[in-house]
Amino acid sequence: MRKTLPAPFFDRPTLTVAKELLGKYLVREYQGQTAALMITEVEAYDGPKDLASHARRGITPRTTIMYGPPGYFYVYFTYGMHWMVNIVTGKKGYPAAILIRAGMTDDGALIKGPARLTKHLKITKNENGKPAVKATGLWLEDRGTDIKSYRLIKTKRIGVDYAGEIWANKLYNLSLVLKNKN
DNA sequence: AGCACGATGCTCT
DNA sequence: GAGCATCGTGCTT
């Protein structure tokens, strides 16, 4: 079972979409090669009031895509060397996106960390602003994965202490962890 | 296992 | 000009 996630999937509350993205696949087709990662960790940035979000200062050239319609990629550059990939959620005009932070390859290797993930899938500025459809070469898929053997862990978001107590402590980081571990 | 730090450049003030 | 939704290395406990 392989179903490309359609735009309406992303046109729902950001936290709902974030939760449902776990266990789905981020698929990359690049220079004739196809690679896929099962998503195991995501982070939500939700709305204009979210002080941890890039949209906290309103529309800028960089954040415009976050204000656009759902189902588009928001790719940005940070720390002088790293690309981060997000999928835009919510209606046009409402700035929200989900950062994809980790995933697992078919042979069970965990790609942990948003910069490693983009490096692995060769995602750069080229993908910024593109829709999550096959023609882009980067899209999301439901492969009917059974995630019953995992449990959902919620933690605070990484590296956003500047956002103040309220927003820095929101449990907007969601990840899958294998049961019977720890 | 837990810091501290450097790399390196875009984005916004 | 400062700060950054990070990572890897190399040090200290």
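The chains referred to below are lettered A, B, ... by the order of the sequence lines, with proteins before strands, and numbering in each begins at 1.
Residue-nucleotide stacking is not present for A:Y76 and B:dC10, judged by a side-chain ring centre under 5.5 Å from the six-membered base ring centre and planes under 30° apart.
For A:M81, counting side-chain heavy atoms from C-beta on, the closest listed nucleotide (C:dC4, B:dG9, B:dA7) is B:dA7. Checking C:dC7, C:dT6, C:dA5 against every side-chain atom of A:M84, the shortest atom distance belongs to C:dT6. Comparing atom distances between the A:N86 side chain and each of C:dT6, C:dC7, C:dA5 picks out C:dA5 as nearest.
Separating the NE2 atom of A:H54 from the P atom of B:dT13 is a distance of 13 Å, rounded to the nearest angstrom. Whole-Å rounding puts the A:Y162 OH to C:dT6 P distance at 8 Å. When the C1' atom of B:dC5 is taken as reference, atom OH of A:Y79 falls 13 Å away, rounded to whole Å. Across the protein-nucleic acid pair, A:I111 atom CD1 and C:dT6 atom C1' stand 16 Å apart, rounded to whole Å. A:K119 has its NZ atom 13 Å from the P atom of B:dT8, to the nearest Å.
In the displayed structure, A:I166 atom CD1 is contacted under 6.0 Å by at most 12 heavy atoms of other residues, nucleotides or ligands.
Looking at heavy-atom distances under 4.0 Å, A:K125 makes contact with sugar-phosphate atoms alone, never a base. Within the nucleic acid shown, A:R157 has no heavy atom closer than 4.0 Å to any nucleic acid atom. Among the heavy atoms of the strands lying under 4.0 Å from A:I158 are primed sugar atoms or P, OP1, OP2 only; no base atom is included. Nucleic acid contact for A:F77: sugar-phosphate only, since backbone atoms but no base atoms lie under 4.0 Å from a heavy atom of the residue. Contacts of A:A115 with the nucleic acid, taken as non-hydrogen atoms under 4.0 Å apart, involve only primed sugar atoms and P, OP1 or OP2.
One finds no salt bridge joining A:R56 and A:D50 here, because no Lys/Arg side-chain nitrogen approaches an Asp/Glu carboxylate oxygen to under 4.0 Å.
Between A:R151 and A:I153 there is a side-chain heavy-atom pair separated by less than 4.5 Å. Counting only heavy atoms from C-beta outward, the side chains of A:N128 and A:Y76 never approach each other to under 4.5 Å.
Note that the CZ atom of A:R116 and the CG atom of A:L110 stand 9.0 Å from one another [nearest 0.5 Å].
Pair assignment for C:dG8: B:dC5, on the basis of Watson-Crick or G-U wobble contacts that are both within less than 3.5 Å.
In terms of phosphate contacts, A:R57 brings no side-chain nitrogen or oxygen within less than 4.0 Å of OP1 or OP2 of B:dT11.
Across the interface with DNA chain B, nearest-nucleotide mapping of A:H82 and A:R62 shows A:H82 to be the residue nearer the 5′ end.
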